[in-house]
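Here is the structure we will look at.
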2 protein chains.
Amino acid sequence: MMVDNRNELDRCDCNVIHENVVNEVREKMPDEENLYDLAELFKVFGDTTRIKILWALAESDMCVCDISVLLNMTQSAISHQLRVLKQARLVRNRKDGKIVFYSLDDAHVKQIFNQGLIHINEK
Amino acid sequence: MMVDNRNELDRCDCNVIHENVVNEVREKMPDEENLYDLAELFKVFGDTTRIKILWALAESDMCVCDISVLLNMTQSAISHQLRVLKQARLVRNRKDGKIVFYSLDDAHVKQIFNQGLIHINEK
DNA sequence: AAAACATATGAATAATCATTCATATATATT
DNA sequence: AATATATATGAATGATTATTCATATGTTTT
């Protein structure tokens, strides 16, 4: 009995229309892992509070309290988001007595943001 | 009676530590609207399925069915995500009979993705 | 030592959202 | 005309997550 080896997968409820296109694109797709990491990075950028924090830190190092005042949000909310940013290795912190200063830990953030703004303001 | 006009806001449960820093950063912050739009854009990028679709379309125009097969997902799931991408003006479509072809509607997407990959692979 | 302060964090809540399922629409084929 | 195909879409569901609240930790001041 012949095996059905068309490019038709169980999850897809339609037929392949352009098999060559699919195969060519498949070859050029980055690794699953890279695409996952990329989505995770953008997920971090996809929140107004975190965008604001990053933009602020691009201007100057700031302590948690300063950021809370700047964004008019509770210290707790800011601390939680700083943790997310730190886990994504987008910010780092240094302690000075009871004050903790945060700073940007990536030179590309501003560039990525500017690229995004270009898209937004284009149309 | 004196008005308390320190830079202390009701939402923040701590005192300003570096008022000058806060004021300087505040001046340089982009408009609230721009920051919101930026977060919205990155929110769209912050999903593996959408990242994959965009990356695929950067290689070649594809119909909905092709994309479903490529990503091994249902046509419905792909259609829903294509709608999100279209609303974000990241893709456009053209109809050819009963087939609908989607293509990238923005030249910067690939650049933004590459910047993101640089961050990911840096450390 | 006690009080005040800056920050961190766990649990709860509310909101958002990706996918699925069922079905609708539009076009092509028989 | 009837059937098959490609795509779109509304509702439901389950998962994720941003903020709040309460509280813990660590440091400084009195």
Side-chain angles (χ1 to χ4, degrees), chain A residues 6 8 10-18 21-22 35-36 39-40 42-54 61-88 91-102, chain B residues 6 8 10-18 21-22 36 39-40 42-54 61-88 91-103:
Chain A
R6 283 171 300 161
E8 206 169 321
D10 44 355
R11 302 296 307 279
C12 176
D13 45 1
C14 55
N15 301 309
V16 177
I17 302 184
H18 310 94
V21 171
V22 172
L35 292 173
Y36 179 82
E40 286 303 303
F42 288 130
K43 211 172 284 181
V44 175
F45 290 154
D47 175 84
T48 314
T49 300
R50 288 192 293 264
I51 286 268
K52 287 178 185 172
I53 293 175
L54 289 171
D61 293 9
M62 295 181 89
C63 68
V64 179
C65 178
D66 285 349
I67 301 173
S68 307
V69 173
L70 175 69
L71 303 187
N72 194 29
M73 293 179 66
T74 64
Q75 171 269 319
S76 179
I78 299 299
S79 267
H80 278 294
Q81 295 299 1
L82 283 169
R83 195 155 78 99
V84 174
L85 292 172
K86 199 181 172 190
Q87 280 170 344
V91 305
R92 58 171 171 268
N93 58 10
R94 70 174 192 280
K95 213 173 169 187
D96 184 10
K98 60 184 170 181
I99 303 177
V100 179
F101 288 95
Y102 280 82
Chain B
R6 284 170 300 162
E8 207 168 321
D10 45 356
R11 302 297 305 279
C12 176
D13 44 2
C14 55
N15 302 309
V16 177
I17 301 183
H18 310 94
V21 171
V22 172
Y36 178 82
E40 287 302 303
F42 289 129
K43 209 171 285 177
V44 175
F45 290 153
D47 175 84
T48 314
T49 301
R50 288 191 293 262
I51 286 268
K52 287 177 183 171
I53 293 175
L54 289 171
D61 294 9
M62 295 180 87
C63 67
V64 179
C65 179
D66 285 349
I67 302 173
S68 306
V69 173
L70 175 69
L71 303 187
N72 194 28
M73 294 179 65
T74 64
Q75 171 269 318
S76 179
I78 299 299
S79 265
H80 278 295
Q81 295 300 0
L82 283 169
R83 195 155 77 101
V84 174
L85 293 172
K86 198 181 172 190
Q87 279 169 344
V91 306
R92 58 170 171 267
N93 57 11
R94 69 173 192 279
K95 211 171 170 188
D96 183 10
K98 60 183 172 182
I99 304 178
V100 178
F101 288 96
Y102 281 81
S103 57

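The chains referred to below are lettered A, B, ... by the order of the sequence lines, with proteins before strands, and numbering in each begins at 1.
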Inset, instruction - Determine the contact category for A/Phe101: base if any of its heavy atoms lies under 4.0 Å from a base atom, sugar-phosphate if only primed atoms, P, OP1 or OP2 are that close, otherwise nothing. - result: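 Counting heavy atoms under 4.0 Å across all strands, no contact is made by A/Phe101.
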Inset, instruction - Please tell me which of the listed nucleotides, D/dT7, C/dA8, C/dT7, lies nearest to the side chain of A/Ile99? - result: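 Nearest to the side-chain atoms of A/Ile99, counting from C-beta on, is C/dT7.
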Taking atom [atom2] of [N] as reference, at what distance in whole Å does atom [atom1] of [X] sit?
X	N	atom1	atom2	value
A/Leu82	C/dT7	CG	C1'	10 Å
B/Met73	C/dC21	CE	C1'	15 Å
B/Lys52	C/dT19	NZ	C1'	14 Å
B/Ile17	D/dT27	CD1	P	15 Å
A/Gln75	D/dA18	CD	P	17 Å
A/Leu71	D/dT20	CG	P	12 Å
A/Ile53	C/dT7	CD1	C1'	14 Å
B/Gln87	C/dT16	CD	P	15 Å

Distances for protein N or O near nucleotides 10-17 of chain D N or O, under 3.5 Å:
from, atom 1, to, atom 2, distance (Å)
D/dG10, O6, B/His80, NE2, 2.8

Hey, are the side chains of [X] and [Y] touching, using non-hydrogen atoms and a 4.5 Å cut-off?
X	Y	result
A/Ile78	A/Leu82	yes
A/Met62	B/Val22	yes
B/Cys63	A/His18	yes
B/Gln81	B/Val84	yes

Inset, instruction - Search all heavy atoms of A/Tyr102 against all heavy atoms of A/Asn93 and return the closest pair with its distance. - result: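 In terms of heavy atoms, the two residues are closest at OH-ND2, 3.3 Å.
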Inset, instruction - Measure the acute angle between the ring planes of B/Phe45 and A/Phe42, then classify it against the limits of 30° and 60° as parallel, tilted or perpendicular. - result: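 The arrangement is tilted - the two ring planes meet at 30° to 60°.
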Inset, instruction - Let me have a per-nucleotide readout for nucleotides 24-29 of chain C, 5' to 3', with B, S or -, counting only protein heavy atoms under 4.0 Å. - result: --SSS-
Legend entry - CE on B/Met73 to CD1 on B/Ile53, rounded to 0.5 Å: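 Between atom CD1 of B/Ile53 and atom CE of B/Met73 there are 7.0 Å.
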Inset, instruction - Would you please confirm or rule out a distance under 4.0 Å between OP1 or OP2 of D/dA8 and any side-chain N or O of B/Tyr102? - result: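 So the side chain of B/Tyr102 is within the cut-off, an N or O lying under 4.0 Å from OP1 or OP2 of D/dA8.
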Inset, instruction - Taking only the side-chain nitrogens and oxygens of B/Ser79, find out if one of them lies under 4.0 Å from OP1 or OP2 of D/dT9. - result: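 Answer is no, no contact under 4.0 Å.
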Legend entry - Over 12 non-hydrogen atoms of neighbours within 6.0 angstrom of CZ in B/Phe101: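 Yes.
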Inset, instruction - Before accepting this row, confirm whether a basic side-chain N of the pair A/Arg94/A/Asp61 lies closer than 4.0 Å to the acidic partner's carboxylate O. - result: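 Salt bridge: yes.
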